[in-house]
Student: 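Dropping a structure here in structure tokens format, bear with me for questions.
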Amino acid sequence: MRRVCARVFGPLDVQQILNRILWSVLVAALVAVAAPGVALQSAPAEGSAPAPEATAPLATPGPPAATETPPAPAPPPPVKAETPVKGETPPPAAREAQPAAAAAPASKPSWFRRHRHRGQQPWVAAANPMAVDAGLEILRDGGKALDAAVAVQTMLGLVEPQSSGIAGGAFLMYYDAHTGKVTAFDGREKAPSGARPDMFLDEHGKALSYVEAVRSGRSTGVPGVMAMLWSAHHKLGALRWKELFQPAIRSAAQGFKVPARLAMFLGEGSPFPPTTEVRTLFSRPDGDTLEEGDVFQNPEYAHTLETLAAEGPHALYEGEIAEEIVRTTHQAPLPGTMSAADLSSYHPDSSPPLCRAYRGYSVCVPPPPSSGVSLLEMLGILEHTDIATRRPSDPQAWFLFAQASRLIYADRDRYVADPHFVPVPVERMLEPSYVRLRTQLIGEHAGPPPPAGEIALPRGRDATNEAAGTSHFVVVDADGDVVSMTTTVESIFGSGRTVGGFVLNNQLTDFSFVPTEGGVPVANAVQGGKRPRSSMAPVIVLDSTGDFVAALGSPGGSAILEYNAKTLIGLLAWKLPLKQAIELPNLIARGDSFTGEVNRFSPAVLAGLRERGIELKGGHAENSGLHAVVRLADGSYAGAADSRREGVARTLAPAKGGAPRTGTHN
């Protein structure tokens with residue numbers, strides 16, 4: 001080698017090159033030995049094989065860094081998440097309308113640390129076993145996390161159509177294990193250009209009933225999820241686009257057994273009875289309503305997916321399918337204004353995530369119009385309390401949780417909306433001094449609903465009524481890349497109108513029906529081209545070095561923020577195993593309403609809350625559907641699914657004979 005190199009370089013140059021190579025090898029060996037792991041553990045599900053046990057308690061993260069960078073214009077390349085120093089006020093954004101910058105770990109990870117998670121068994125956690133298996137099939141075939149996400153979404157549109165589908169919208173958080181960067185993808189629906197602020201008011205200027213608005217042609221927004229997945233796949237996928245649809249196409253053509261949850265929402269006892277169109281699509285060959293265990297085929301959906309697989313997502317935004325969407329939304333009652341131009345001009349967004357420190361970790365969520373900013377505000381408020389020193393059996397812990405929840409909803413409902421149309425005071429809402437002021441309002445007894453914080457933006461009170469027809473899933477591939485995605489058609493079966501074997505969304509009912517209050521505009525009022533505010537807030541958690549710790553999220557309408565916050569408190573503050581954190585009882589506090597899973601709280605907790613002014617009542621909004629994956633101390637991963645729904649978390653593990661097998665963790 002020395003002779004070859006000497007032909008090009010001088011003798012001294014050759015010696016220097018060889019010395020540097022030797023030195024690099026020694027440094028690499030030292031780094032590989034010293035690389036630490038993150039310690040999290042996951043509780044085994046009843047009736048399933050136990051998840052891998054953590055070999056150490058939850059790692060204590062080092063102090064985060066204090067660097068912040070402004071977001072790049074959409075669609076930017078992924079930007080590393082940055083974590084501001086605890087207690088330090090970050091510099092204000094140049095424009096309040098823009099989301100706050102992501103926070104990055106203090107030290108840039110080396111090449112060796114970035115690649116140390118390769119070769120792990122991939123995980124998928126989702127709301128239906130068939131969707132999980134579809135994702136694992138793609139991963140088994142060499143696909144990346146983003147490839148599997150397409151397969152999971154298209155399968156959910158078949159087996160869980162009441163919650164999400166290809167004509168819905170989504171937010172996707174992506175962690176790149178190679179670079180340590182987190183990117184937020186925004187596939188939120190948009191209002192047609194002809195949408196008006198008063199379109200959900202009757203002839204007397206009063207708000208329409210929720211059901212009347214949902215079941216109208218006006219409720220459907222321009223779909224975003226497939227355009228978002230196409231954009232993300234183009235940057236981050238490995239397999240060909242058309243390969244990702246095959247599991248769902250096969251199941252739609254051959255048929256699948258109707259799960260209990262789908263049968264329940266189609267039946268007479270559904271909390272939101274399906275329309276005639278929905279009953280007709282999801283019915284037996286003789287026209288009777290599907291029941292649990294029936295084998296259902298959806299050839300229309302299979303044909304739609306074949307078209308999307310062959311032609312790409314533009315087949316949904318142009319051509320026959322697009323024309324049918326427009327025609328369907330223009331039907332009475334209350335026809336909408338969507339046009340072919342609205343569909344063909346849709347573009348998804350991507351941006352840096354919105355991240356803030358919590359107990360030494362960096363919690364990352366999508367920026368507005370997602371309500372992730374409010375989740376971060378809630379964690380910030382609770383970090384100024386002693387909730388971390390308490391336990392789930394302590395009523396004071398749940399009192400603090402409820403009061404923090406009321407505070408953040410007051411702010412969210414007043415200020416959060418689409419930042420492309422109204423200034424959203426993200427920096428102010430997360431500023432440490434402002435968070436401390438909000439914390440001081442918690443008090444010792446629950447009083448009247450707290451007002452929104454004083455921010456120099458005159459806004460009217462919001463009048464948005466959110467539904468719970470949503471789904472969340474997590475994918476981790478063998479390289480350690482992660483997808484955390486919340487997806488929705490808004491209400492149960494969306495608008496109740498169908499095209500090509502799938503349902504249309506009713507996302508525009510996520511706008512405030514009333515555009516002004518006392519002459520003051522409402523931030524989340526309807527406007528053409530605007531994206532409605534969303535409670536969807538998929539989460540990715542990093543440690544202080546930028547390594548992946550956890551990914552989680554849930555459906556549940558406006559309660560999503562509390563479901564996610566509860567799980568993060570359990571996982572990061574109370575150091576509970578993942579499954580236990582997910583199974584903590586749900587409590588929803590907003591305004592003067594306190595609902596929750598009364599039967600899951602102990603009598604002592606209920607009595608303690610009562611003494612503090614909170615009379616917890618059973619409600620309809622506490623049915624979470626959390627799905628999550630965490631990284632364990634040994635560098636492997638473990639997943640868990642909420643027992644309140646039908647979801648599972650599964651991994652591909654090598655069998656004794658070398659053939660793959662599927663491990664399950666419900």
Student: Calculate, to the nearest 0.5 Å, the distance between atoms CZ and OG belonging to Arg261 and Ser163 respectively.
Tutor: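 If I round to the nearest 0.5 Å, the distance is 6.0 Å.
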
Student: Checking Ala551 now: which residues fulfil side chain to side chain contact (heavy atoms under 4.5 Å, CB included) with it, not counting sequence neighbours?
Tutor: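 Scan of Ala551 (side chain to side chain contact (heavy atoms under 4.5 Å, CB included), adjacent residues dropped) gives Val474, Val482, Ser484, Ile540, Phe548.
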
Student: Just by distance, no angles: are the side chains of Asp147 and His233 close enough, under 3.5 Å, to form a donor-acceptor pair?
Tutor: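 Indeed, the side chains of Asp147 and His233 share at least one donor-acceptor pair under 3.5 Å.
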
Student: Side-chain contact, heavy-atom cut-off 4.5 Å: Pro369 with Phe171?
Tutor: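 Counting from C-beta outward, Pro369 and Phe171 do come under 4.5 Å.
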
Student: Ring centroids only, cut at 6.0 angstrom: are Tyr174 and Phe185 within range, meaning strictly under it?
Tutor: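 Distance test on ring centres: not under 6.0 Å, no.
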
Student: Quick one: do Val159 and Glu646 satisfy side chain to side chain contact (heavy atoms under 4.5 Å, CB included)? Show the steps, please.
Tutor: CA-CA 11 Å; Val159 300; Glu646 298 171 331; over 6 Å; no

Student: Nearest 0.5 Å, what's the CH2-NE2 distance between Trp241 and His234?
Tutor: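 Nearest 0.5 Å value for the CH2-NE2 distance: 12.0 Å.
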
Student: Quick one: list whatever passes side chain to side chain donor-acceptor pair (under 3.5 Å) with Ser345, sequence neighbours left out.
Tutor: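 With sequence neighbours excluded, Ser345 shows a side chain to side chain donor-acceptor pair (under 3.5 Å) to no residue whatsoever.
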
Student: Kindly give the heavy-atom pair with the smallest separation between Val326 and Met338, and that separation in Å.
Tutor: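 In terms of heavy atoms, the two residues are closest at CG1-O, 3.4 Å.
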
Student: Is any side-chain N of the basic residue among Asp418 and Arg188 closer than 4.0 Å to the acidic one's carboxylate O?
Tutor: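 No, this pair does not count.
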
Student: Could you check whether any side-chain N or O of Asp510 sits under 3.5 Å from a backbone N or O of Pro532, counting only pairs where one atom can act as donor and the other as acceptor?
Tutor: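 Absent.
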
Student: Counting only N and O atoms by type, is there a donor-acceptor contact under 3.5 Å from the side chain of His627 to the main-chain atoms of Ala126?
Tutor: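 Here the side-chain-to-backbone pair exists.
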
Student: Are the side chains of Met485 and Leu229 in contact, using a 4.5 Å heavy-atom criterion?
Tutor: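 Yes; the side chains approach each other to less than 4.5 Å.
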
Student: Given 3.5 Å as the limit, does a donor-acceptor pair link the side chain of Thr220 with the main chain of Asn506, or not?
Tutor: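 Not a single qualifying donor-acceptor pair exists.
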
Student: Taking the side chain as every heavy atom from C-beta outward, state whether Leu244 and Thr154 have any atom pair closer than 4.5 Å.
Tutor: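 They are not in contact (no side-chain heavy atoms under 4.5 Å apart), so the answer is no.
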
Student: Can you give each donor-acceptor pair under 3.5 Å made by side-chain atoms of residues 307-315, sequence neighbours left out, with the distance rounded to 0.1 Å?
Tutor:
{"unit_1": "Thr307", "atom_1": "OG1", "unit_2": "His303", "atom_2": "O", "d": "3.0"}
{"unit_1": "His314", "atom_1": "NE2", "unit_2": "Glu311", "atom_2": "O", "d": "2.7"}

Student: For the pair Tyr317 (side chain) and Pro223 (backbone), establish whether a donor and an acceptor sit closer than 3.5 Å, ignoring hydrogens and angles.
Tutor: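 Yes: the side chain of Tyr317 pairs with the backbone of Pro223.
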
Student: Evaluate the ring planes of Phe493 and Phe265, with Trp represented by its six-membered ring, and classify them as parallel (under 30°), tilted (30 to 60°) or perpendicular (over 60°).
Tutor: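 The rings of Phe493 and Phe265 stand perpendicular, inter-plane angle above 60°.
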
Student: Please name the pair of heavy atoms, one in Ala148 and one in Gly135, separated by the smallest distance, quoted to 0.1 Å.
Tutor: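 For Ala148 and Gly135, the tightest heavy-atom pair comes out as CB-O, 3.6 Å.
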
Student: Quick one: do Arg327 and Glu324 make a salt bridge, cutoff under 4.0 Å?
Tutor: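 Answer for the salt bridge query: yes.
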
Student: Quick one: does Ser370's side chain have a donor or acceptor within less than 3.5 Å of a partner on Met536's backbone?
Tutor: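 Side chain of Ser370 to backbone of Met536: a pair is present.
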
Student: How about Pro192 and Leu508: do any of their side-chain heavy atoms sit closer than 4.5 Å?
Tutor: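 Result yes, sub-4.5 Å side-chain heavy-atom pair found.
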
Student: Without swapping roles, check the side chain of Asp479 against the backbone of Asp481 for a donor-acceptor pair under 3.5 Å.
Tutor: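 No, Asp479 side chain to Asp481 backbone: no donor-acceptor pair under 3.5 Å.
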
Student: I'd like to check the side chain to side chain donor-acceptor pair (under 3.5 Å) partners of Ser344; sequence neighbours left out, ordered by chain and number.
Tutor: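 Side chain to side chain donor-acceptor pair (under 3.5 Å) list for Ser344, sorted by chain: empty.
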
Student: Could you give the distance from CG (Leu379) to CZ (Arg356), rounded to the nearest 0.5 Å?
Tutor: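 Result: 12.0 Å between the selected atoms.
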
Student: Hey, does the side chain of Asp543 reach the backbone of Thr545 with a donor-acceptor pair shorter than 3.5 angstrom?
Tutor: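 Here the side-chain-to-backbone pair exists.
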
Student: Check Asp176 with Lys181, please: is the shortest side-chain N to carboxylate O separation under 4.0 Å?
Tutor: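 No, Lys181 and Asp176 are not salt-bridged.
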
Student: For residues Arg533 and Pro368, determine if any side-chain heavy atom of one lies less than 4.5 Å from a side-chain heavy atom of the other.
Tutor: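 A side-chain contact under 4.5 Å is absent here.
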
Student: Decide side chain to side chain donor-acceptor pair (under 3.5 Å) for Asp342 and Ser339; before the verdict, give the C-alpha distance in whole Å, the side-chain angles of both, and the deciding distance to 0.1 Å.
Tutor: CA-CA 5 Å; Asp342 291 321; Ser339 67; 3.0 Å; yes

Student: How long is the span from the CG atom in Leu552 to the OH atom in Tyr563, to the nearest 0.5 Å?
Tutor: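 With rounding to 0.5 Å, CG (Leu552) is 14.5 Å from OH (Tyr563).
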
Student: Taking C-beta and beyond as the side chain, do Cys355 and Val182 meet within less than 4.5 Å on heavy atoms?
Tutor: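 The answer is no, as the side chains (C-beta and beyond) never meet within the 4.5 Å cut-off.
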
Student: If I compare all heavy atoms of Pro161 with all of Val489, which pair ends up nearest, and what's the gap?
Tutor: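 Looking at all heavy atoms of both residues, the closest pair is O-CG2, 4.1 Å.
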
Student: For Leu316 and Phe502: C-alpha separation, side-chain torsions, deciding distance, then whether side chain to side chain contact (heavy atoms under 4.5 Å, CB included) applies.
Tutor: CA-CA 12 Å; Leu316 190 70; Phe502 58 90; 4.1 Å; yes

Student: Whether the side chain of Asn298 engages the backbone of Gly501 through a donor-acceptor N/O pair (distance < 3.5 Å, no angle test) should be reported.
Tutor: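 Confirmed, Asn298 side chain pairs with Gly501 backbone.
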
Student: Side chain to side chain contact (heavy atoms under 4.5 Å, CB included) between Val483 and Val152: does it pass, once the steps are laid out?
Tutor: CA-CA 11 Å; Val483 164; Val152 172; over 6 Å; no

Student: Indicate yes or no for a side-chain donor-acceptor contact from Ser554 to the backbone of Gly625 under 3.5 Å, with no hydrogens or angles considered.
Tutor: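 Side chain of Ser554 to backbone of Gly625, a donor-acceptor pair under 3.5 Å: yes, one is there.
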
Student: The test is side chain to side chain contact (heavy atoms under 4.5 Å, CB included); show your working for Met155 and Leu158 and say whether it passes.
Tutor: CA-CA 5 Å; Met155 186 65 83; Leu158 174 68; 3.9 Å; yes

Student: State, without any angle test, whether His420 and Arg531 hold a side-chain donor-acceptor pair at a distance under 3.5 Å.
Tutor: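 Yes.
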
Student: Sequence neighbours excluded, which residues qualify as side chain to side chain contact (heavy atoms under 4.5 Å, CB included) partners of Glu189?
Tutor: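 Asn505, Gln507.
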
Student: Quick one: closest heavy-atom pair of Ala537 and Asn564, and the distance?
Tutor: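 Minimum heavy-atom contact is O-ND2, 2.9 Å.
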
Student: Is the closest side-chain heavy-atom distance between Arg645 and Ser471 below 4.5 Å?
Tutor: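 Sidechains of Ser471 and Arg645: no contact.
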
Student: Tell me the closest heavy-atom pair linking Leu354 and Leu376, and the distance in Å.
Tutor: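 Closest approach of Leu354 to Leu376: O-CD1, 3.6 Å.
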
Student: Return the CE to CG distance between Met228 and Asp349, rounded to the nearest 0.5 Å.
Tutor: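 Atom-to-atom, Met228:CE and Asp349:CG are 11.5 Å apart.
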
Student: Please give me the minimum heavy-atom distance between Ala170 and Val225, naming the atom from each residue.
Tutor: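 Heavy atoms of Ala170 and Val225 come nearest at CB-CG2, 3.8 Å.
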
Student: Does Asp477 offer a backbone N or O that forms a donor-acceptor pair with the side chain of Tyr637 under 3.5 Å?
Tutor: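 Judged by distance alone, no pair lies under 3.5 Å.
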
Student: Would you compute the distance between atom OG1 of Thr304 and atom CD of Glu320 and round it to the nearest 0.5 angstrom?
Tutor: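 One finds 10.5 Å between OG1 of Thr304 and CD of Glu320.
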
Student: Could you work out, with side chain to side chain donor-acceptor pair (under 3.5 Å) as the rule, every residue matching Glu306, not counting sequence neighbours?
Tutor: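 Per chain and number, Glu306 pairs via side chain to side chain donor-acceptor pair (under 3.5 Å) with no residue.
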
Student: How about Lys144 and Leu236: do any of their side-chain heavy atoms sit closer than 4.5 Å?
Tutor: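 Not in contact.
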
Student: Under 3.5 Å, is there a donor on one side chain and an acceptor on the other for Ser624 and Asp642?
Tutor: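 A donor-acceptor contact under 3.5 Å links the two side chains.
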
